[in-house]
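Okay, structure first, notes after.
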Protein chains: 2
Amino acid sequence: MPESIPLTDLQIELMRALWSKDEATVVEVHQEISKQRDLAQGTIATLLNRLEKKGAITHRTEGRQFVYRALVSEAEVRRSMLAQVADRLFGGDVPLLIHQLLAEREVSPGDLAEVKALIAERETGTKRKPAK
Amino acid sequence: MPESIPLTDLQIELMRALWSKDEATVVEVHQEISKQRDLAQGTIATLLNRLEKKGAITHRTEGRQFVYRALVSEAEVRRSMLAQVADRLFGGDVPLLIHQLLAEREVSPGDLAEVKALIAERETGTKRKPAK
DNA sequence: TGAGTAATACCACAACTGTAATACTACAGG
DNA sequence: CCTGTAGTATTACAGTTGTGGTATTACTCA
């Protein structure tokens, strides 16, 4: 596991912009972010810079523009951040966490069915999880 | 909903110490934290101070000691942080989140059963969710 | 070829975090 | 009464974050 860089909210927003399109110039990221909040383009550039220094992204140069690309995948970040919350806040109690989730938000019947299917899978071992 | 103060990891650890015993002196919190990491007592005092300034905790004075108490409940923090992750990182996709959870960690059969029960509850509307 | 313009680089700044040394204060025991 | 000591307050400092102004650079088009 790549040693899981911790990301702040804003940083995650930037990463999302990159994840959503694989590669993006500063301007593109800026546009993406602008849908949510109003930051100067220079700010975005600085933030991307810092993310690069932390190893979360890279860039290549295309003409005079920088084209950024994520180095950590969305899946990795999801994994580590979720694990973080599950462990530190729920003491690893997965059912409790799921309970919280189901209790506090609208979940469509279709989604419930989906979750049930997931559980069935786990139970029958259909999708074998590598024996530890 | 009390406007959900954001907490860092260390801060959550402090809060956990308080949550676990309802009230605690600086020394007690320090002892609790010492199980995990090695911080000076003065550091703990400073951190508790800052948490108080942010409104996450209060204290009363007992003799020359401060007895701290959490103002935000563990449940509230769980709620808001989980919502945070669910929304910002999973785009609100609860099944995806649960999938991640089940895929990445050991879940006992008992826990699976528990989760199934939760879902059944939701489905039958035992705990009625207000029709949207 | 010169000027406008679009990009990035560089620098600044305040707030917050992690961490602790040091100073101050008040009680307990002699 | 004086002093050790246990406890809190004050101050410090470096690193990170959020934010943006200003300087540079390098195309593009007349």
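Just so it is clear, the model here is predicted, and its values are computed rather than measured.
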- Task: Provide the start and end nucleotides, 5' to 3', of the part of DNA chain C that has atoms under 4.0 Å from heavy atoms of chain B.
- Result: C:dT17 to C:dC27

By salt bridge (charged side-chain N to carboxylate O under 4.0 Å, His left out), which residues pair with [X], not counting sequence neighbours?
X: A:Asp93; answer: none
X: A:Lys35; answer: A:Glu32
X: B:Arg88; answer: A:Asp9, A:Glu13
X: A:Glu52; answer: none

- Item | Members of residues 29-49 of chain A that approach DNA chain D, where some heavy atom sits under 4.0 Å away |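 Those residues are A:Arg37, A:Leu39, A:Ala40, A:Thr43, A:Thr46, A:Leu47.
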
- Query: Do any of residues 57-68 of chain B sit with a heavy atom less than 4.0 Å from DNA chain D, and if so which?
  - Reply: B:Arg64, B:Gln65, B:Phe66

- Message: For the helix from C:dT1-D:dA30 to C:dG30-D:dC1, what angle separates the axis at the start from the axis at the finish, each from five pairs, in steps of 10°?
- Response: 10°

- Determine which pairs satisfy ring-ring contact (aromatic ring centres under 6.0 Å, His included) with at least one residue from residues 64-97 of chain B, sequence neighbours left out, and list them in order.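 For residues 64-97 of chain B: B:His59-B:Phe66, B:His59-B:Tyr68.
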
For [X], enumerate each residue passing the side chain to side chain contact (heavy atoms under 4.5 Å, CB included) test, keeping only those at least two apart in sequence or located in another chain.
X: A:Leu71; result: A:Thr58, A:Arg69
X: A:Ser73; result: A:Ala75, A:Glu76
X: B:Ser20; result: none

